[in-house]
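Scroll down for the structure; my scribbles are underneath it.
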Amino acid sequence: DAGVIQSPRHEVTEMGQEVTLRCKPISGHNSLFWYRQTMMRGLELLIYFNNNVPIDDSGMPEDRFSAKMPNASFSTLKIQPSEPRDSAVYFCASRLRDTVIRTGELFFGEGSRLTVL
Amino acid sequence: DQQVKQNSPSLSVQEGRISILNCDYTNSMFDYFLWYKKYPAEGPTFLISISSIKDKNEDGRFTVFLNKSAKHLSLHIVPSQPGDSAVYFCAGNYGGSQGNLIFGKGTKLSVKP
């Protein structure tokens, strides 16, 4: 069974450019999370969706960041315009929102490493 | 305002000895806690969890202890192996399976042969 799939794995762009990161969650999972990893802040939750609906976007740093989930099998995280301080590894994760299974295990993708010059 | 704190950025242990990774939290609403392990260039992977109503959970070489009064949990790895060298993240979950996970900054464990 395929895991969480993220693309691109690496992105190098110049300041001011638009960046779009993509995620395909595990089939059947109905919660999707975007995290950002930096040395200073560790793994920060940016936003998460339940059944394609954004539940908590309080971690989105600025209006330059936006996330969408048009259907159960696809999500995007967009940064426009990008800045050097956005350089980080962005992880997408998914899990099954089930009232019985309570382990809360998230399955992570391999991440998208973004470098903004 | 960090809800989950891992105060040791790194830990070095000899192979065969015990590794103890610590985690403190401030949010009393966390209903369970999880440990994730991360190798370079890979996503974090789930290691072990514990419900907030338990004080211990064991899985093979890995044991997690929870002290609710102290708002502290720890991960014990016995015996430590070189393949355990990775970054370990502690996370607190609230809102059940409909909620989200808040992670600490991680502790880098190095197990020396």
Side-chain angles (χ1 to χ4, degrees), chain A residues 2-7 9-10 21 23-26 29-51 53-60 88-113, chain B residues 1-10 21 23-25 27 29-54 57 59 62 64 66 73 86-108:
Chain A
V4 176
I5 299 172
Q6 292 186 246
S7 64
R9 289 295 310 277
H10 301 275
L21 307 178
C23 176
K24 176 178 169 52
I26 293 173
H29 283 190
N30 47 17
S31 285
L32 183 140
F33 300 74
W34 283 100
Y35 286 89
R36 176 172 70 174
Q37 185 190 14
T38 61
M39 288 295 292
M40 289 296 293
R41 302 174 70 90
L43 269 172
E44 297 177 89
L45 176 66
L46 300 177
I47 185 172
Y48 78 99
F49 298 82
N50 281 344
N51 290 332
V53 176
I55 302 301
D56 183 355
D57 65 354
S58 60
M60 296 285 262
V89 181
Y90 291 81
F91 288 101
C92 177
S94 71
R95 75 174 170 188
L96 179 63
R97 183 174 68 89
D98 186 306
T99 56
V100 175
I101 300 172
R102 297 183 61 82
T103 57
E105 180 181 351
L106 287 185
F107 293 83
F108 282 82
E110 294 187 316
S112 294
R113 180 175 292 277
Chain B
D1 180 24
Q2 270 190 284
Q3 299 183 53
V4 179
K5 299 178 184 179
Q6 294 179 257
N7 292 318
S8 299
S10 62
L21 296 99
C23 178
D24 298 296
Y25 64 95
N27 189 341
M29 300 301 293
F30 287 138
D31 47 22
Y32 47 95
F33 301 89
L34 303 91
W35 285 92
Y36 277 76
K37 177 180 179 179
K38 184 184 180 304
Y39 293 116
E42 295 183 10
T45 55
F46 171 73
L47 186 59
I48 190 170
S49 66
I50 186 168
S51 167
S52 61
I53 62 173
K54 304 284 189 183
N57 187 29
D59 183 3
F62 303 90
V64 57
L66 175 62
L73 63 156
V87 177
Y88 290 78
F89 290 97
C90 171
N93 182 93
Y94 64 91
S97 60
Q98 302 186 39
N100 68 65
L101 267 65
I102 304 298
F103 285 85
K105 290 186 179 181
T107 297
K108 183 175 182 179

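Side chains are part of it too, since the values below use all heavy atoms of this structure and drop only hydrogens, waters and symmetry mates. Here is how names work: the chains are called A, B, and so on, in the same order as the sequence lines, proteins then strands, and each is numbered from 1.
Put simply, the side chain of A/L106 reaches to within 4.5 Å of the side chain of B/Y36, judged on heavy atoms.
In terms of modelled atom types and a separation under 3.5 Å, the side chain of A/Y35 and the main chain of B/F103 share no donor-acceptor contact. Side-chain atoms of B/K105 come within 3.5 Å of backbone atoms of A/M40 as a donor-acceptor pair (strictly under, hydrogens ignored).
Taking every heavy atom of both residues into account, B/L101 and A/F33 meet most closely at N-CE2, 4.5 Å. Closest approach of A/F91 to B/P44, counting heavy atoms only: CE2-CD, 3.9 Å.
Only the side chain of A/Q37 comes within less than 4.5 Å of a heavy atom of chain B; its backbone N, CA, C and O stay farther away. The contact between A/L45 and chain B is made entirely by side chain atoms (from C-beta outward), counting heavy-atom distances below 4.5 Å.
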Check: Are A/R95 and B/F46 close enough, and set up right, to give a side chain to side chain contact (heavy atoms under 4.5 Å, CB included), and what steps lead you there?
Finding: CA-CA 12 Å; A/R95 75 174 170 188; B/F46 171 73; over 6 Å; no
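For the atom pair B/N100 CG and A/I47 CD1, the distance stands at 11.5 Å (nearest 0.5 Å).
The 12-atom threshold is exceeded at CZ of A/R9, counting heavy atoms of other residues, nucleotides or ligands nearer than 6.0 Å.
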